[in-house]
Amino acid sequence: MTEVKAYGAQDKEADLKEMTIERRDTLPTDVKIKITYCGVCHSDIHTVRSDWGPSMYPVVPGHEIVGEVIEVGDEVSKFKKGDLVGVGCLVDSCQECSSCESDLEQFCLNGATWTYNSKDKHTDGHTFGGYSQEVVVDQNFVLTIPKNLDTKAVAPLLCAGITTFSPLHHWGVKEGMKVGVVGLGGLGHMGLKFSHAMGAETVMITTSEGKAEDAKRLGADDVLISKDKDAMKSHKGSFDFILNTVPVSHDINPYLELLAIDGTMCMVGAIEPLPDVHGGNLISGRKSVAGSLIGGIKETQEMLDFCGEHNIVSDIEMIDMSSINEAYERVQNNDVKYRFVIDMESLS
Ligand SMILES: [Zn+2]
Ligand SMILES: [Zn+2]
């Protein structure tokens, strides 16, 4: 075991503070990574606060990890010392169930091991995330970062990026399609960039007119203000696909009316009950409501390679580790454009 510095919360009301955690010794297929940057995801806050059921404390969040390989186990073939790598939301899975065999480790039937707050197979405790100096991860869950991208701004691709890329990719978004992105935050801003890069006509769907200019800069061809009834009517039945990134419960019926025949709306933000869906909005037009959770390791690498080719990174604001509690306040107030990234040097 190696002791490393980390930042975490001791209970659901506590601020995050510096602490010491232990990382396992590098096993034969493990990669040890010196963490240089870690993105701040809304899920970090939900887990710290036990919003999704009781968390295991201390919680050391962080699943948008970028760093440098500093040690590899004897059997590691995919990475070597000095490689620039990433780790996202997953650090392990059974590797033998039908989901794992289909490159869908996030849906491992025996339970995936999440990067933080998951039972750790190798210790008696639970996993600790990227708000720390180092992490040790099996090589099969480590990703290669394209060298041409701004490393700091790559970090959020590991969660916000794959969360939005995967559904757009799965539902075959391409030139000739009309795609709506609902909500402009950490997820929505990535959705706009990807949809635009995939060649689709991309429309930002938002409640606030103030976001129009930024949405266009990020890749939207048009902006639809959802409070404007006439505008909503003029787009009725015209969208092939809608990516809904709104992080809280809301009425999805107005968006279903925007879908074309055989259109799909995919939910990626709200992990909570949604108000009633009117069956007519699905039946009339053979429409679907779907959901999507991050992506498997193979697809996450495809997303990173796509970003390398298209020069896509996240729009970020850098912070020091000690500013994390203020950053959480701002994330909750939607006051960040569009993702905080922690400079992990500030923890040394
Ligand atoms: Zn996340
Ligand atoms: Zn599995």
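We count ligands from 1, going down the list as the structure has it; atoms in each ligand are counted the same way. As the structure is a computational prediction, the values presented were derived from the model and not from experiment.
Ser238 and Lys178 form a side-chain donor-acceptor contact under 3.5 Å, judged by distance and modelled atom types alone. The closest side-chain donor-acceptor pair between Asn140 and Lys78 falls under 3.5 angstrom. Gln139 and Asp30 share no side-chain donor-acceptor pair at under 3.5 Å.
Contact between Ser132 and Ile21 at its shortest, heavy atoms only, is CB-CD1, 4.1 Å.
Neighbouring protein atoms of the Zn ion (ligand 2) (N, O or S, distance under 2.8 Å, waters ignored): Cys94 SG, Cys97 SG, Cys100 SG, Cys108 SG.
The environment of NE2 in His196 is sparse: at most 12 heavy-atom neighbours from other residues, nucleotides or ligands sit within 6.0 Å. Heavy-atom contacts from other residues, nucleotides or ligands closer than 6.0 Å to NZ of Lys174 number 12 or fewer.
Remark: side-chain polar atoms of Thr115 are paired, donor with acceptor, to backbone N or O of Leu90 under 3.5 angstrom.
The aromatic ring centroids of Phe165 and Phe194 lie less than 6.0 Å from each other.
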Inset, instruction - Given salt bridge (Lys or Arg N to Asp or Glu O under 4.0 Å), test Arg339 with Asp315 step by step and report yes or no. - result: CA-CA 6 Å; Arg339 207 73 159 173; Asp315 283 29; over 6 Å; no
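If you count the protein N, O or S atoms nearer to the Zn ion (ligand 1) than 2.8 Å, you get 3.
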